[in-house]
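The structure under discussion appears below in the form of structure tokens.
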Amino acid sequence: MELHERIPNNVNLSGDKRLQRALEKWLPNYLDWWREMGPEGFQEKDVWLRTAVSVEADGWAHFDYVRMPDYRWGIFLKPAEPDARVGFGDNAGQPAYQEVPGEFRNALRRIVVTQADTEPASVEQQRLLGQTCPSLYDLRNLFQVNVEEGRHLWAMVYLLHGYFGRDGRDEADALLERRSGNPDKPRILEAFNQPCDDWLNFFCFTMFTDRDGKYQLSALAESGFEPLARTCQFMLTEEAHHLFVGETGVGRVVRRTAQLMKENPNEDVRALGAIPFDIIQRYINYWFSYSLDLFGGEISSNAADFFAAGLKGRYQEQKKYTDHLIREDVYTLTVVEDGRLSEREVPMRNALNEVLRGEYVRDCERALERWNKYIAEEGVGHTLRLPSTRFHRHVGEYAGQHFDVDGRLITAEEFEARKDEWLPTRADREYVGSLMQPVTEPGKIANWIAPPAVGIKGKPFEFEYVRL
């Protein structure tokens, strides 16, 4: 099979011999990585997967049974806009960059590589989860997320090979050499080195960490470097399913706990095989705080430079804002000075990571409202919440400081004494792990999670989503 047939695309791969040769060399290394680090124990199973075969409405979501190593990882960009322009920053209104501008080369490569590195990392984090799936429906959703993370890696590798020459090829090779959690060659961002070894972790990861991806991709989807913008615009169509898996997954865990509490008001839900709300809350605190770090420091010269260059904007830059230069605006931040919290004004361009983080937090709050509605519907008196954005941070203004979940500055000793209230303990993880017994009969589901409201693409929950 020709490479352009093996890799469905709309980038004229068959007409670009240099790019073909580069990707032909990269493809077997990618498949070796997938077989080594992809879902363990399921490489030869038929999975009912969605495959993008074109960008048109009837082509980007083709469903059929496929074995994951045979999945067609395509390269798709949203069709080009005629007369595209840089939409923000110092070059706003100039023709969009069709090639990498020399003065922005290092910044753009850093943006692409950092985004690219998250894609294989999450596959590596989740490679053993299939062995403890709560249902075939969930198993299929895990694999759909995995293959699409693989396709997103291909999307970024296309940019590296197509636009960054020898440097890009070297970076593409390095993406297959790093490993999540490896002490010698870890992934670039710390959230992608954290273990994701049970399904509550997986649902929180796809809820909170993949949601960061939505906002990063959205900020790049209006980039003045048009190939990057068009790549991210198409990636966002697939990212929506990942967020759906996370938000509904946590929601189904929450609903099941509330149902069992309602049915057995005097029982400890552990005795009923459910995950208590205090453990769910600690998992939320953990993944939300690590995901906040992914936006970078609150005060960032890189963010200012990326915006000035027209490379990375705000969330929905054209839709939500009228001033696309923001040369004069300021942003008021809460910072730690002399051992206490105080307000500081910084140039808006330097605070753009925090602006993007604020959009993300509001989106997460909407999901929490939905989960709390599920609890209320069962008549149970409990409320889940997001911790302060200062809590448990490892990047930015609050790194190296200690805060409680309400954002109050506390001592290291107090944090150490109380952290088991706020973050998952070994006992929490062991208990959740004890519930992770595989359920693989069509139509059956583990006791600790509620079934989904509907199946996938009109199929019932009882459908054989994975042929085992």
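Treat the numbers as computed from the prediction; the structure is a model and nothing was measured. What's counted below: heavy atoms across the whole structure, side chains too, no hydrogens, waters or symmetry copies.
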Practice item. Run the numbers on D210 and K214 for salt bridge (Lys or Arg N to Asp or Glu O under 4.0 Å), then give the verdict. Key: CA-CA 7 Å; D210 276 338; K214 166 188 169 180; over 6 Å; no
Review point. Hey, mind stepping through L108 and Y97 against side-chain contact (heavy atoms from CB on, under 4.5 Å) and telling me if it holds?
Key: CA-CA 12 Å; L108 257 177; Y97 318 127; 5.7 Å; no
[X] side, atom [atom1]; [Y] side, atom [atom2] - distance, nearest 0.5 Å:
X	Y	atom1	atom2	result
L384	I280	CG	CD1	6.5 Å
F164	D170	CZ	CG	13.5 Å
R72	R6	CZ	CZ	8.5 Å
Y137	L142	OH	CG	12.5 Å
D46	M68	CG	CE	10.0 Å
Q259	R256	CD	CZ	5.5 Å

Does [X] reach the side chain of [Y], with side-chain heavy atoms less than 4.5 Å apart?
X	Y	value
Y465	N141	no
M261	T257	yes
V112	E171	no
E354	S300	no
W26	R169	no
V405	R385	yes
Y163	Y158	yes
T114	L189	yes

Decide if the gap between the ring center of [X] and the ring center of [Y] is smaller than 6.0 angstrom.
X	Y	answer
F205	F192	yes
H392	Y290	yes
F88	Y321	no
Y30	W73	yes
F203	W199	yes

Determine the minimum heavy-atom distance between [X] and [Y], stating which atoms define it.
X	Y	result
A107	L311	CB-CD1, 4.1 Å
T209	S291	OG1-OG, 2.9 Å
A221	Q233	O-NE2, 2.7 Å
A172	V157	CB-CG1, 4.0 Å
A52	P8	O-CG, 3.8 Å
M37	R127	O-CB, 3.4 Å

Do any N or O atoms from the side chain of [X] and from the backbone of [Y] form a donor-acceptor pair under 3.5 angstrom?
X	Y	value
D197	L128	no
R151	G74	yes
R393	V395	yes
D305	N302	no
D428	I279	no
Q125	Q194	yes
N353	F295	yes
E226	Q98	no
E239	G213	no
Q216	Q115	no

Practice item. For S122 and T118, run side-chain contact (heavy atoms from CB on, under 4.5 Å): C-alpha distance rounded to whole Å, both residues' side-chain angles, the deciding distance at 0.1 Å, then the answer. Key: CA-CA 6 Å; S122 57; T118 68; over 6 Å; no
Any side-chain donor paired with an acceptor under 3.5 Å for [X] and [Y]?
X	Y	result
D16	Q20	no
D363	Y215	yes
W448	Q437	no
H241	E148	no
E119	W154	no
D198	N201	yes

Review point. Would F208 and L386 satisfy side-chain contact (heavy atoms from CB on, under 4.5 Å), going step by step from the backbone distance to the final call?
Key: CA-CA 11 Å; F208 293 111; L386 293 177; 3.9 Å; yes
Review point. With E124, which of K185, R178, R187 fulfils salt bridge (charged side-chain N to carboxylate O under 4.0 Å, His left out)?
Key: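 The residue from K185, R178, R187 that satisfies salt bridge (charged side-chain N to carboxylate O under 4.0 Å, His left out) with E124 turns out to be R187.
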Taking atom [atom1] of [X] as the centre, does the number of heavy atoms from other residues, nucleotides or ligands within less than 6.0 Å exceed 12?
X	atom1	value
E81	CD	no
R110	CZ	no
K320	NZ	yes
R166	CZ	no

Exercise for review: Let me see the working for E464 and W48 under side-chain hydrogen bond (donor to acceptor under 3.5 Å, both in side chains), right down to the final yes or no.
Suggested key: CA-CA 8 Å; E464 190 177 13; W48 199 66; over 6 Å; no
**Study point:** R230 to F76, cation-pi by 6.0 Å centre distance and 45° axis angle
**Key:**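 Here R230 fails the 6.0 Å and 45° test against F76.
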Exercise for review: Decide yes or no on side-chain contact (heavy atoms from CB on, under 4.5 Å) for C364 and R211, but give the supporting numbers first.
Suggested key: CA-CA 8 Å; C364 292; R211 194 168 303 273; 3.9 Å; yes
Exercise for review: Check the pair R366 / E247 against salt bridge (Lys or Arg N to Asp or Glu O under 4.0 Å), numbers first and verdict last.
Suggested key: CA-CA 10 Å; R366 178 197 52 75; E247 184 173 334; 3.2 Å; yes
Point to revise | Sidechain N-carboxylate O distance under 4.0 Å for R357, E298 | key: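 Between E298 and R357 there is a salt bridge, with a charged N closer than 4.0 Å to a carboxylate O.
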Review point. Is it true that E359 and R314 have a side-chain N and a carboxylate O under 4.0 angstrom from each other?
Key: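 Result for this pair is no, no salt bridge flagged.
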